[in-house]
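This report refers to the structure that appears directly beneath it.
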There are 2 protein chains.
Amino acid sequence: MTTATNPRVLDHPAREEIRLEGVLHALSDAVRLRIVSEMARADTELSCSFFDLPVTKSTTTHHFRVLRESGVIQQIYRGTAKLNALRREDLDVLFPGLLDSVLDAATAQARRLGNPDTL
Amino acid sequence: MTTATNPRVLDHPAREEIRLEGVLHALSDAVRLRIVSEMARADTELSCSFFDLPVTKSTTTHHFRVLRESGVIQQIYRGTAKLNALRREDLDVLFPGLLDSVLDAATAQARRLGNPDTL
DNA sequence: GGCGTACTACGATGAGTATCGTACGAGCGT
DNA sequence: ACGCTCGTACGATACTCATCGTAGTACGCC
């Protein structure tokens, strides 16, 4: 059934397993904050290569994994690509308003620091 | 003027120097989240020793320093004690709603995980 | 089948950090 | 002055993490 240890099936924490500390830690990195902000703006599933990040591909993989394992995003393989989506509903149920205020804060800070391209 | 390098005067970041990543990182630790939750509930200046934390005194000092240097709390010496206060106004101006949703999330999670004493 | 693209795995590295114990310093109360 | 309490400093340790480069795998397309 390929359910055992299929490398093409990615492990995600169930909603109840998501921990606030893990989410905050995942969001406490500039690169990951940027990824999440962009995903929130797009509101569609985006491939990893969509993002133009100031790090190499291996590092990008690492950051996406952190986001997935902390429960912030969901990742599924679609052929050769890997589509990413925010777990908005799960996060809103667990921590109402949290994601939005973090995203607003990120926007506000980017504007304040004069990095509007970082959004 | 005792402004030079007085060990009794603690360095705090100015409001404009507070970075979202730093705040989120400071809050992404269970011990520190607990400290901040308790401070928000008390709404008064609390000494470090007020908190009953599952770590030693040196580790406690470390966590308070992280909170101070990230801009989450303010610390002042008052005789032999060191009083701690949340920098609510600064945080609310910079990141409206953020602190409250994190605190709500912490409360919700504590309730969900059955640690009501952690609040 | 063979090529190119998208992403991963692995190992390395350098920086950060959570933790502790012990020893120390600064005030307060008596 | 003396001791007590509160908190710090410093060194050690073990762990985590952000980053990279290289090599590899999986899939779609020609």
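Here is how names work: the chains are called A, B, and so on, in the same order as the sequence lines, proteins then strands, and each is numbered from 1.
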(message) If I take atom CG in residue A:L33 and atom P in nucleotide D:dA18, what distance separates them, rounded to the nearest angstrom?
(response) 13 Å
(request) Treat each ILVMFWY residue as a node, draw an edge where side-chain heavy atoms are under 4.5 Å apart, and state whether A:V72 and A:L10 are in one component. (result) no
(request) Using distance alone, with no hydrogens and no angle criterion, decide if B:S58 and B:T61 have a side-chain donor and acceptor under 3.5 Å apart. (result) no
(request) Under 4.0 Å from any atom of DNA chain C, heavy atoms only: list the residues of residues 58-68 of chain B that qualify, in numerical order. (result) B:S58, B:T59, B:H62, B:H63
(request) Would you indicate whether the side-chain heavy atoms of B:E45 and B:M39 approach each other to under 4.5 Å? (result) no
(request) Give B:R78 one of three labels, base, sugar-phosphate or nothing, depending on what nucleic acid heavy atoms sit under 4.0 Å from its own. (result) nothing
(message) Less than 4.0 angstrom between a side-chain N/O of B:T56 and OP1 or OP2 of C:dT19, yes or no?
(response) no
(request) To the nearest Å, give me how far apart CG (A:L10) and C1' (D:dT25) are. (result) 14 Å
(message) I need the NE2-C1' distance between B:H25 and C:dG16, as an integer number of Å.
(response) 8 Å
(message) Once side chain to side chain donor-acceptor pair (under 3.5 Å) is applied, do any residues pair with B:H25, and if so which ones, sequence neighbours excluded?
(response) none
(request) Give me the residues of residues 44-55 of chain B where at least one heavy atom lies under 4.0 Å from an atom of DNA chain C, by number, or none. (result) B:V55
(message) Rounded to whole Å, please give me the gap between CZ in B:R32 and C1' in C:dA18.
(response) 8 Å
(request) Taking only Lys NZ, Arg NE, NH1 and NH2, and the carboxylate oxygens of Asp or Glu, determine whether A:D100 and A:R88 approach each other closer than 4.0 Å. (result) yes
(request) Give a yes or no on whether a salt bridge exists between A:E16 and B:R112, defined as a side-chain N under 4.0 angstrom from a carboxylate O. (result) no
